[in-house]
There are 2 protein chains.
Amino acid sequence: MHDKNTIIQSLKSKGLRVTPQRFAVYANLLQRTDHPTAEQILLDLNQDVPTLSQATIYLSLQTLHQTGLVRQVLLEEGVCRYDANISPHHHFRCLCCGKIEDIAWESFSNLTLDKLRSGLKVDKYEVIVEGKCDNCL
Amino acid sequence: MHDKNTIIQSLKSKGLRVTPQRFAVYANLLQRTDHPTAEQILLDLNQDVPTLSQATIYLSLQTLHQTGLVRQVLLEEGVCRYDANISPHHHFRCLCCGKIEDIAWESFSNLTLDKLRSGLKVDKYEVIVEGKCDNCL
DNA sequence: CTTTGTGCAAACGATTTGCAGGATG
DNA sequence: CATCCTGCAAATCGTTTGCACAAAG
């Protein structure tokens, strides 16, 4: 899936040094689909590498985000989640259990930006959907 | 536009007591279109009523949000903005100057949810658009 | 007069910072 | 070996809480 060398190449392609910590954060995020927060990543990684500091997690995520390797997902007040899947897609959040699920980009292939106020240059857009998932229904 | 009695009625209709502080917060938000943060509202109100505590602002906004009188706007990491315009609309954020602008709901009248994974019950959705505004171009 | 809201200050949680030592390219 | 990264602890920022008093209905 995401082999070691590919990950290393991704980091290098952005001019980032490949350190064990940064590698671990990025690799962890790549293999997850649950849109974790910084804290959740820290908890997960500390099971294997108990000497990973909070500051490093936060700095790594900041760096990965700035270089475009990971995406931020902002759905709840005060909660910043991360997603290493940077191919275009949208998000669904269950208002009941809080689960966050990807929505395929093509689900909104009918969405066009034609009628926006002229003068705006659109770089990107995303649809946020909220409701209840099947588990909660 | 938003006359005093209408505001009072809105608050009462949600079972909220009408206090000067709560009224001031809601009225302030109603007359603004800039999607302010709690801090910005505090700064603005403190010019007239210097004895308005932070805690009250935060509590008021929380209350107004919970009762559905105001909407939260989450576009930037760690920044919670508020919007008293609760009629359906979307948001645009300029990546250059940070300005946040409303996008009319009808701009995406072509957006349908047909192809979403079955089993999801959709309560609401919003399109977040990012790019550059005309000022910044 | 009961209940809810406010102000204040302290507490809190998430994130950032300064700095000295360590690892990368 | 110059630069960039990490760990640690302290600092900071936005938000929340506890409590005593005040005001709304």
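Just the heavy atoms: all of them, side chains too, but no hydrogens, waters or symmetry mates, feed the values below. Computed from a predicted structure; not experimentally measured. Residue numbers start from 1 in every chain, and the chains themselves are labelled A, B, ... in the order their sequence lines are given, proteins ahead of strands.
Taking the screw axis at each terminus of the helix from C/dC1-D/dG25 to C/dG25-D/dC1 from five consecutive base pairs, the angle between the two is 50° to within rounding of 10 degrees.
Taking 4.0 angstrom as the limit, B/Thr56 places none of its side-chain polar atoms (N or O) nearer than this to OP1 or OP2 of C/dG5. Checking the phosphate oxygens (OP1, OP2) of D/dT6, a side-chain nitrogen or oxygen of A/Thr19 falls inside 4.0 Å. For D/dT16, neither phosphate oxygen OP1 nor OP2 lies less than 4.0 angstrom from any side-chain nitrogen or oxygen of B/Tyr58.
For the side chain to side chain contact (heavy atoms under 4.5 Å, CB included) with B/Arg71, the qualifying choice from B/His91, B/His35, B/His65 is B/His91, the only one to do so.
Rounding to whole angstrom units, CD of residue A/Gln54 and C1' of C/dA14 are separated by 8 Å. Atom NZ in A/Lys12 sits about 16 Å away from atom C1' in D/dC5, given to the nearest Å. In this structure, A/Leu45 atom CG and D/dT6 atom P are separated by 13 Å, rounded to whole Å. In this structure, CG of B/Leu42 is placed 11 Å from P of C/dG7, rounded to the nearest angstrom. B/Leu64 has its CG atom 13 Å from the C1' atom of C/dG5, to the nearest Å. At whole-Å resolution of the value, CD in B/Glu76 and P in D/dG14 are 13 Å apart. In this structure, CD of A/Glu77 is placed 13 Å from P of C/dA14, rounded to the nearest angstrom. Following rounding to the nearest Å, B/Leu59 (CG) and C/dG5 (C1') show an atom-to-atom distance of 9 Å.
Residue B/Val18 is classed as a sugar-phosphate contact, given heavy-atom separations below 4.0 Å to backbone atoms only. The residue A/Thr37 sits apart from the nucleic acid: no heavy atom pair falls under 4.0 Å.
Both A/Arg17 and B/Thr51 sit near DNA chain C, but only B/Thr51 has its closest nucleotide nearer the 5' end. When each of A/Thr63 and B/Gly78 is assigned the nucleotide of DNA chain D with its nearest heavy atom, A/Thr63 is the one assigned upstream, toward the 5' end. Residue whose closest nucleotide on DNA chain D sits further toward the 5' end, between B/Gln62 and A/Leu52: A/Leu52.
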- Task: Verify side chain to side chain contact (heavy atoms under 4.5 Å, CB included) between A/Leu64 and A/Val25, making sure each step is shown before the conclusion.
- Result: CA-CA 9 Å; A/Leu64 291 169; A/Val25 170; 4.0 Å; yes

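One finds no salt bridge joining A/Asp134 and B/Lys121 here, because no Lys/Arg side-chain nitrogen approaches an Asp/Glu carboxylate oxygen to under 4.0 Å. B/Asp44 and B/Arg32 are joined by a salt bridge, as a carboxylate oxygen and a charged side-chain nitrogen come within less than 4.0 angstrom of each other. Salt bridge status for B/Glu101 with B/Lys99: present, with a side-chain N to carboxylate O gap under 4.0 Å.
Nearest heavy atoms, B/Pro50 versus B/Asp48: CD-O, 3.2 Å.
At least one donor-acceptor pair under 3.5 Å links the side chain of A/Ser60 to the backbone N or O of A/Thr56.
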